[in-house]
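Residue numbers count from 1 along this sequence. Just so we're clear, the structure is a prediction, and the values are computed from it rather than from any experiment. What you see below is based on every heavy atom in this structure, not just the backbone, and it leaves out hydrogens, waters and symmetry mates.
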Amino acid sequence: PLQVDLDANNTTICLGDCADLYINVEGGDSTSYNYVWNPAWNNSPGIRTVCPVTTTLYTVTVSDNGTSLPTSDTITINVVPPPQTQNNISICQNGNPINLFANPLGGSWSGTGIINSTNGTFSPNGLSSGIYSVNYGFSGCTDDMDITVLEIFAGNNISACPNSPTFNLNSALTTPGGIWSGNGIQANGNINVGGVNTIINAMYTLPNGCVDTLLVTVEGISTQADDT
């Protein structure tokens, strides 16, 4: 009698992927094997590469020119729809971590900036400005999305003496193109600190919507009185 085993290199594939089917036949007259496939294909043992768009049952029937009865075997190739991530987003360099989302739930996130693979938490902390691609995997299938990290840096915190002459807050470290605001601050960054010890919050806003704050500590120099 004929013995037919239909197998595949992978019985579960992602939509858009393929699987290879192959047959092992024993018994009968091996010089006269005939192969009938459903869905139809060549009179061949394969390897047959299939790329179904839905879960599909494949059948092969083998016969010979001898006395053996035709024998069949089947295999199902399961097609898994790929997961779908949210749309691409932008986030400021100094922004708080955010949780990304994708369907179906229960997959795992990976990539630069991902600090929690289960929740899909992305943090821009410490990242240079630019585009970062992150990956979401579910049941062996994946989808990607891009996150644009937007540059923003007002500059390092500074100190000034009370009644200092007007000076400008922009430095070589300041991301260009923004406007300044705050107590005693003009939009171009010129600041008049006044004559009172205080801390001024200098806000710097870019056209991309990112905001950073630079602290200006206004404090006089204390000296110890001469006790002689």
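Although no hydrogens or angles enter the test, the distance criterion places a donor-acceptor pair under 3.5 Å between the side chain of T174 and the main chain of A154. The backbone N or O of I152 lies less than 3.5 Å from a partner atom in the side chain of Q93, making a donor-acceptor pair. For the pair Y33 (side chain) and V62 (backbone), a donor-acceptor distance under 3.5 Å is absent. In this structure, T55 contributes its side chain and V79 its backbone to a donor-acceptor pair below 3.5 Å. Between the side chain of N43 and the backbone N or O of N34, no donor-acceptor pair lies under 3.5 Å. Using a distance-only test at 3.5 Å, with no hydrogens or angles considered, a donor-acceptor pair links the side chain of N197 to the main chain of G220. A side-chain donor-acceptor contact under 3.5 Å links T175 to the backbone of F153. With N9 contributing its side chain and D20 its backbone, the two residues share a donor-acceptor pair below 3.5 Å.
Considering only heavy atoms from C-beta on, N116 stays 4.5 Å or farther from N99 through its side chain. Counting only heavy atoms from C-beta outward, the side chains of T217 and N157 never approach each other to under 4.5 Å. Under the 4.5 Å side-chain criterion, counting only non-hydrogen atoms from C-beta, S68 is not in contact with S63. Side chains of C141 and P83 form a contact here, defined as non-hydrogen atoms less than 4.5 Å apart. No side-chain heavy atom of T61 sits under 4.5 Å from any side-chain heavy atom of N38. Side-chain contact between I114 and N135: absent, with no pair of heavy atoms (C-beta onward) separated by less than 4.5 Å. Side-chain contact check for L15 versus P81: every heavy-atom pair is 4.5 Å or farther apart. Put simply, the side chain of I147 reaches to within 4.5 Å of the side chain of V134, judged on heavy atoms.
Among the candidates L57, T11, T56, the single residue satisfying the side-chain contact (heavy atoms from CB on, under 4.5 Å) test with T76 is L57. Remark: of the listed residues L6, D5, I47, L6 is the sole one forming a side-chain contact (heavy atoms from CB on, under 4.5 Å) with I23.
E151 and N208 get closest at one heavy-atom pair: O-ND2, 3.8 Å. Considering every non-hydrogen atom in both I77 and A8, the closest pair reads CD1-CB, 3.9 Å. For the pair L206 and G178, the tightest heavy-atom approach, listed with the atom from each and the gap, is CD2-N, 3.5 Å. Contact detail for T85 and D144: the closest heavy-atom pair is OG1-O, 3.4 Å. Contact record, W180 with N188: CD1-C, 3.8 Å, taken as the closest heavy-atom pair. Counting all heavy atoms, side chain and backbone alike, I13 lies closest to A19 at CG2-CB, 4.0 Å.
Taken to the nearest 0.5 Å, the CG atom of D146 stands 10.5 Å off from the CD1 atom of I89. The CG atom of N87 sits 12.0 Å away from atom CG of L100, with the distance rounded to the nearest 0.5 Å. Going from atom CG of L169 over to atom OH of Y204 covers 10.5 Å, rounded to the nearest 0.5 Å. Taken to the nearest 0.5 Å, the CH2 atom of W41 stands 10.5 Å off from the OH atom of Y35. The distance from atom CG of D17 to atom OG1 of T12, rounded to the nearest 0.5 Å, is 11.5 Å. Interatomic distance, Y136 OH to T142 OG1, rounded to the nearest 0.5 Å: 11.5 Å.
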Query raised in the report: Should I98 and T121 be marked as a side chain to side chain contact (heavy atoms under 4.5 Å, CB included) after you check the CA-CA gap, both sets of side-chain angles, and the distance that decides it?
Result: CA-CA 5 Å; I98 58 172; T121 308; over 6 Å; no
Report task. Apply side chain to side chain contact (heavy atoms under 4.5 Å, CB included) to the pair V50 and L21, showing each step before the final yes or no. Result -> CA-CA 7 Å; V50 296; L21 308 183; 3.9 Å; yes
**Report entry** Derivation of the side chain to side chain contact (heavy atoms under 4.5 Å, CB included) call for I75 and D7
**Finding:** CA-CA 7 Å; I75 193 168; D7 208 346; 4.2 Å; yes
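More than 12 heavy-atom neighbours from other residues, nucleotides or ligands sit within 6.0 angstrom of CG on N78. Annotation: N125, atom CG; neighbour count of heavy atoms from other residues, nucleotides and ligands within 6.0 Å does not exceed 12. More than 12 non-hydrogen atoms from other residues, nucleotides or ligands lie less than 6.0 angstrom from CD of Q86.
When the side chains of ILVMFWY residues are joined at heavy-atom separations under 4.5 Å, either directly or via intervening members, V196 and I200 end up in two distinct hydrophobic clusters. V216 and M203 fall into different hydrophobic clusters, where Ile, Leu, Val, Met, Phe, Trp and Tyr side chains are chained together by heavy-atom contacts under 4.5 Å. Using a 4.5 Å cut-off between side-chain heavy atoms of Ile, Leu, Val, Met, Phe, Trp and Tyr, with links allowed through other members, F122 and F101 fall into different hydrophobic clusters. In the hydrophobic cluster analysis, where Ile, Leu, Val, Met, Phe, Trp and Tyr join through side-chain heavy atoms closer than 4.5 angstrom, I158 is grouped apart from I199. Hydrophobic clustering of Ile, Leu, Val, Met, Phe, Trp and Tyr side chains at less than 4.5 Å, counting indirect connections, keeps I91 apart from V211.
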